[in-house]
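Fair warning: this is a prediction, and the values are worked out from it, not measured in the lab. Just so you know, ligand 1 is whichever comes first in the structure, and atom 1 is the first atom listed for that ligand. The analysis underlying the following values was restricted to heavy atoms, covering all of them including side chains, and did not include hydrogens, waters or symmetry mates.
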Amino acid sequence: MTTNFPTIVIKPGREKPIIQQHPWIFSGAIAQINGDPQPGDIVTVIDKKGTFLGRGYWNVKSQIQVRILTWHDEPIDETWWRKMLKRAIYGRSIQAGAAERGAPFAYRLINAENDFIPGLIVDRYDQWLVLQALTLYIDQQKDMISKLLHELLPVKGIYERSDVDVRGKEGLKSSVGNLLGEEPPPYIEIIEYGKKLLVDVRKGHKTGYYLDQVGNHGLISTLLMNQKSGSLPQTTENTSVLNLFSYTGTFGIQALDQAHVTNVDSSNDALEIAEEMVKLNNPEWLERCEFIQADVFELLHDYAAENKKFDVVILDPPKFAHNAGQVENAARGYKDINLNAIKCVKYGGYLMTFSCSGAISTDLFQKIVFGALADSGRQAQILKHLGPGDDHPVALTFPEGAYLKGLLLRVY
Ligand code: SAH
């Protein structure tokens, strides 16, 4: 065994998930720690008999004390890093192809545990990468990671957006700023289905944008085309989309050549960018879109009471359940907005409804939406189960990675 590393001995009976390649080891599964590791150090994980189980990084401050990087007895050195980064980059060749043909493009390049690199998120926005270090070890390695990334994918610059709450659990503070190369412009322009979008990687949500929803943004125009060729003749004037929790309005922008769009979000900054983007694409579209700063719970309640109806309603709330203890309350919240959203769909129209709470399973989410439908007295069909695109793979060994789920419903 390549073992100059400190070792973590697993309690008998707790080895199974590790052998099955779940990457997290909680403190309760650890029998003994040998060799005085420091937070952020690489450790070797063994069973009571001394058999090698895996190698990963350790942080005593975190509930997840070890995150496994490899299940082979190999060193975690630059060769390992280059191999893993290459794998993730090559896994996005289809997305990268568009960028190389000159289209300003955006996609997730490294999806942490799901790319078998726990704690590391890297998103690409045109010629910039945005890195998010979620754990201490990744934070310590970020300059080396940036250098290798730049060598493998020569972009103009790499910017850091490590300002997420989970870092607190690792004893880390926020860290935001340029890591390598050119500073990004105030807004990076990207193209999504032919529309120009603006991404603020310094202050925007997540690394600037909800890249996990890109594929679903693309469904909107087909739904509207379908709606217009249906039995009821529709025009752009009387076709309507209600885009709830709109952020910068990117579901809506895909609808504006066919419909009137009402974007609703609590963030005024996001709505200002949304308006800017509409202007950038076609100033005439401003006449057929609205930007409403409001609480969606309250606004939907009013709309349902006023019997307002839309051809397409999009419901993409933030994470309501951050852990298992919050599931019950979250479920009530999801049910409330789904009930009122269903009431706001025209006969034969569509509802696209999402949950990005990892603690709410796909099954539970469908049950919640079913409960809302039953209370509404309407009928609905599932046309599609929705999730993120191929640039957000989910490791089969890591079910926690499947946080975003959604349903496309036709409602009668
Ligand atoms: N649909 C967007 C992403 C939405 S993320 C996209 O595809 O890009 C969730 C959004 O909900 C955030 O923009 C946040 O500002 C907003 N939000 C959170 N709570 C809200 C509330 N109670 N009412 C309205 N908006 C809210």
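Distances from atom 19 (N) of ligand 1 to the heavy atoms of C356, G204, P318 show the closest one on P318. Closest to atom 8 (O) of ligand 1 by heavy atom, among D212, V264, I292, T250, is T250. When D295, I314, D265 are checked for heavy-atom proximity to atom 15 (O) of ligand 1, D265 turns out nearest.
Under 4.0 Å from ligand 1, the heavy atoms of Y210 that appear belong solely to its side chain.
The closest approach between A294 and ligand 1 falls below 4.0 Å for a heavy atom of the residue. At a 4.0 Å cut-off, not a single heavy atom of A270 sits close enough to ligand 1 to count as contact.
Remark: minimum distance from atom 7 (O) of ligand 1 to any protein heavy atom is reached at H217 NE2, 2.8 Å. Of the protein's non-hydrogen atoms, V296 N, 3.0 Å is the one closest to atom 23 (N) of ligand 1. F245 O, 3.1 Å is the protein heavy atom nearest to atom 4 (C) of ligand 1.
Residues T248 and D265 are not in side-chain contact: their nearest non-hydrogen atoms beyond the backbone lie 4.5 Å or more apart. Side-chain contact between F105 and Q95 is present, with heavy atoms from C-beta onward closer than 4.5 Å.
Geometrically, ligand 1 and S266 share a nitrogen or oxygen pair separated by less than 3.5 Å. Ligand 1 has an N or O atom lying under 3.5 Å from an N or O atom of D316, backbone or side chain. Polar contact with ligand 1: absent for F297 (N/O pair, distance under 3.5 Å).
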Exercise. Yes or no on side chain to side chain contact (heavy atoms under 4.5 Å, CB included) for F245 and L315, after CA distance, side-chain angles and deciding distance?
Worked result: CA-CA 7 Å; F245 304 100; L315 197 54; 3.8 Å; yes

Exercise. Between I314 and L244, is a side chain to side chain contact (heavy atoms under 4.5 Å, CB included) present by the stated rule, with each step listed?
Worked result: CA-CA 6 Å; I314 296 146; L244 300 165; over 6 Å; no

Exercise. Are I158 and L149 close enough, and set up right, to give a side chain to side chain contact (heavy atoms under 4.5 Å, CB included), and what steps lead you there?
Worked result: CA-CA 9 Å; I158 304 180; L149 279 171; 4.1 Å; yes

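Using modelled atom types, one finds no donor on one side chain facing an acceptor on the other under 3.5 Å when comparing W24 with E400.
Considering OG1 of T250 and CE of M277, their distance stands at 5.5 Å, rounded to 0.5 Å.
Atoms of ligand 1 found under 4.0 Å from any heavy atom of H205 (numbered from 1 in listed order, with element): 12 (C), 13 (O), 14 (C), 15 (O). Listed by atom number, the atoms of ligand 1 under 4.0 Å from S267 heavy atoms are 15 (O). Ligand-side atoms of ligand 1 in range of Q213: 7 (O), range being under 4.0 angstrom from any heavy atom. Those atoms of ligand 1 that come under 4.0 Å of a heavy atom in F251, given as number and element, are 1 (N), 7 (O).
Using a 4.0 Å cut-off between charged nitrogen and carboxylate oxygen, K335 and D375 count as a salt-bridge pair.
For the pair K308 and Y303, the cation sits on the ring face: its NZ or CZ lies under 6.0 Å from the ring centre, inside 45° of the axis.
Tested against R92 for a salt bridge (Lys or Arg N to Asp or Glu O under 4.0 Å), the candidates D391, D123, D115 yield a single pass: D115.
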